[in-house]
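Comments concern the structure below.
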Number of protein chains: 2
Amino acid sequence: MLDHLLNPTVKDATQFIGRYKSSRVIVIYGQVEATYSGRAAAQLRLMPRLIITKPDGVLMVHEGYREKPVIWNPPGSQLFVSVDGDVLVLRSIRYSPREYVTIRIHKVYMVSSMEIGLTEDFKVIGTEKDVVDAIMANPSLVEDGFKVLSREYETMVGSIDILGEDKLGNLVVVEVKRGEASPEAVHQLKRYVEYIKGKNPGRGVRGILVATGISTSAYRYLKDYGLEFRRYTHANIINYT
Amino acid sequence: MLDHLLNPTVKDATQFIGRYKSSRVIVIYGQVEATYSGRAAAQLRLMPRLIITKPDGVLMVHEGYREKPVIWNPPGSQLFVSVDGDVLVLRSIRYSPREYVTIRIHKVYMVSSMEIGLTEDFKVIGTEKDVVDAIMANPSLVEDGFKVLSREYETMVGSIDILGEDKLGNLVVVEVKRGEASPEAVHQLKRYVEYIKGKNPGRGVRGILVATGISTSAYRYLKDYGLEFRRYTHANIINYT
DNA sequence: CGTGCCAGGTGCCCT
DNA sequence: AGGGCACTTGGCACG
């Protein structure tokens with residue numbers, strides 16, 4: 001199930017990788033230099049690093065710190081293994097946009113591989129969708145008397161999370177953020193409100209930002225624009241998901 | 001330099017991880033279940049997976065596909081190792097925001113570790129900063145006769161990449177994007193232009209979006225708003241970085 | 001396949 | 001520590 005080679009020859013390592021690269025996750029500890037070129041470009045000098053490949057084409061070069069790889073190609077890339085003298089060479093091509101990663105491994109300390117699956121039904125709880133779902137099920141989470149007219153209402157300037165109506169008959173644009181609302185979210189809401197106002201002359205239009213919190217600067221914009229904020233907590237929505 | 005254990009006992013694996021967790025990268029192949037809770041929540045049932053820890057506190061649970069870990073905690077988190085019967089337990093705490101990852105490893109196929117450094121002077125070429133640098137060095141990249149007045153000009157609605165003046169004395173707001181410009185970039189530029197117009201009544205104010213390309217919808221907004229687009233290619237700027 | 005947008009985004013720089 | 005923003009953003013759903 002788990003296969004590995006310690007201090008393999010270049011030839012053995014090449015064979016190992018060739019055998020498993022399209023069906024398994026492969027982990028390589030090695031003395032590595034690497035380059036990336038495409039939309040941008042970067043270069044890494046020789047140093048011990050960790051290489052990971054996955055059967056979907058993922059290629060990552062990890063260093064000793066940080067969560068993200070320092071150089072990578074995403075799923076859908078194609079991996080080629082070859083030998084250049086004493087150096088094991090991995091080349092990865094991403095096709096759209098065109099991006100190249102070349103890894104030269106001067107010394108392989110270990111290469112290992114195991115078949116690893118994918119959690120098909122993986123689900124994160126507490127996403128924006130969950131919040132919108134909860135509001136759809138219980139509109140009063142926005143405010144008393146709120147009625148939903150439409151979800152994901154498409155406009156020329158983007159799609160509105162929820163378009164509704166308050167108890168006085170005003171149109172209400174609701175923008176939902178799953179976390180701390182940023183100024184960008186306020187600008188977004190303002191755009192929607194202006195669009196709806198333009199489409200419904202003479203009718204009252206309000207904008208409500210629903211989020212777990214809001215930054216001070218975002219709150220300032222919000223007030224300047226005459227928009228409103230409604231805080232929710234996980235506890236508010238958990239009963240409706 | 002490289003250390004590893006094959007099919008270790010829980011006790012040995014625990015010792016191994018405890019010994020290296022604050023100084024080295026550790027890779028574990030194992031039969032794993034995991035939970036995450038914090039701003040959101042998620043759960044993984046027992047399955048073979050790949051665990052990686054780094055001395056800066058990074059903890060990642062990788063599956064057989066995708067570039068990103070399915071569950072993780074970022075740098076700055078703290079890792080605790082313990083044993084629960086026959087199960088190796090990794091608990092990770094991120095402090096701000098408070099988030100918990102718990103990994104239960106029912107079978108360790110292999111645990112390995114190596115000291116890996118960090119490329120201190122790592123530099124990506126072709127970022128937005130590079131483009132702005134190039135314009136600062138050669139303002140005519142924006143247009144003939146363009147003069148820079150200020151970089152990162154701070155306004156109430158965000159910071160303007162470059163504020164300048166054209167040969168006719170109009171103020172020019174320049175927004176730089178390193179890739180394909182999205183509608184969001186156009187809205188951003190529009191905000192800045194409106195702000196500058198408000199601050200400089202009676203003065204001509206233009207807005208120019210500088211990017212390698214622009215999406216069709218973004219271009220429509222741009223034209224609607226009376227803004228301008230200036231394409232650049234990597235070749236344009238490479239001489240000035 | 002591009003287009004749009006959320007994400008537990010992460011990382012970087014600044015206050 | 002928190003704010004603001006770029007990112008080779010990645011990932012997903014949808015036209």
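Residue numbers begin at 1 in each chain, while the letters A, B, ... track the order of the sequences.
A distance of about 22 Å separates the P atoms of C:dC5 and D:dT8, rounded to the whole Å. Here the separation of D:dC14 from C:dG8, taken at their C1' atoms, is 24 Å to the nearest Å.
Along DNA chain D, the nucleotide closest to A:E184 and the one closest to A:A40 are compared, and the more 5′ of them pairs with A:E184. Heavy-atom nearest nucleotides on DNA chain D were determined for A:V58 and for A:A42, and the one closer to the 5' end corresponds to A:A42. Judged by closest nucleotide on DNA chain C, A:V157 is the one of B:Y36 and A:V157 placed further toward the 5' end.
Residues A:R66 and B:F122 are not in side-chain contact: their nearest non-hydrogen atoms beyond the backbone lie 4.5 Å or more apart. Here the side chains of B:L163 and B:V174 are not in contact, with every heavy-atom distance at 4.5 Å or above.
Under the 30°/60° scheme for interplanar angles, the aromatic rings of A:Y221 and A:H187 are found to be tilted.
Put simply, A:S215 has a side-chain N or O that comes within less than 4.0 Å of OP1 or OP2 on D:dG4.
Nucleic acid contact class of A:P75 (heavy atoms, under 4.0 Å, all strands): sugar-phosphate only. Heavy atoms of A:S96 sit under 4.0 angstrom from primed sugar atoms or phosphate atoms, though from no base atom. Among the atoms of the strands shown, only primed sugar atoms or phosphate atoms (P, OP1, OP2) are found under 4.0 Å from some heavy atom of B:Q188. Heavy atoms of B:E99 sit under 4.0 angstrom from at least one base atom. Heavy atoms of A:T216 sit nowhere under 4.0 angstrom from any nucleic acid atom. Within the 4.0 angstrom heavy-atom criterion, only backbone atoms of the sugar-phosphate kind lie near A:S159; the bases stay farther away. Across all strands, B:G158 comes closer than 4.0 Å only to sugar-phosphate atoms, never to a base (heavy-atom distances). In this structure, B:N73 reaches the bases: a heavy-atom distance under 4.0 Å links it to at least one base atom across the strands shown. The residue A:S37 sits apart from the nucleic acid: no heavy atom pair falls under 4.0 Å. Among the heavy atoms of the strands lying under 4.0 Å from A:R66 are primed sugar atoms or P, OP1, OP2 only; no base atom is included.
One interatomic measurement links the two molecules: CG of B:D161 to C1' of D:dG4, which rounds to 13 Å at whole-angstrom precision. Rounding to whole angstrom units, CD of residue B:E180 and P of C:dT3 are separated by 7 Å. Distance, A:M60 CE to D:dT8 P: 16 Å, rounded to whole Å. Rounded to an integer number of Å, the gap from CD of A:E152 to C1' of D:dG15 is 14 Å. At whole-Å resolution of the value, CZ in B:R220 and P in C:dG4 are 8 Å apart. Between A:R98 atom CZ and C:dG2 atom C1' the separation is 18 Å, expressed in whole Å. In this entry the distance linking CD of B:E128 with C1' of D:dG4 reads 13 Å, nearest Å. Rounded to a whole Å, the OH atom of B:Y95 is 15 Å from the P atom of D:dG2.
One side chain, B:Q78 or B:Y95, offers a donor N or O that lies under 3.5 Å from an acceptor on the other.
Of the candidate nucleotides C:dG4, D:dC12, C:dG11, C:dG11 has the atom lying nearest to any side-chain atom of A:K68. Comparing D:dT8, D:dA6, C:dG9 against the side chain of B:R39 picks out C:dG9 as the nearest. Of the listed nucleotides (D:dT8, C:dA7, C:dT10), C:dT10 has the atom at the smallest distance from the side chain of A:E67. Ranking C:dG4, D:dT9, C:dG8 by closeness to the B:S217 side chain, first place goes to C:dG4. Here D:dA6 is the nucleotide among C:dG8, D:dA6, C:dA7 with the atom lying nearest to any side-chain atom of B:E175. Among the nucleotides D:dG10, C:dA7, C:dC6, the one closest to the side chain of A:K177 is C:dC6. Among the nucleotides C:dG9, C:dG4, D:dT8, the one closest to the side chain of B:W72 is C:dG9.
Taken from OH in A:Y153 to OH in A:Y192, the straight-line distance is 13.0 Å, to the nearest 0.5 Å. Atom CG of A:D84 is separated from atom CZ of A:R104 by 4.5 Å, given to the nearest 0.5 angstrom.
Salt bridge absent: A:R45 and A:E33 never bring a charged side-chain N and a carboxylate O closer than 4.0 Å.
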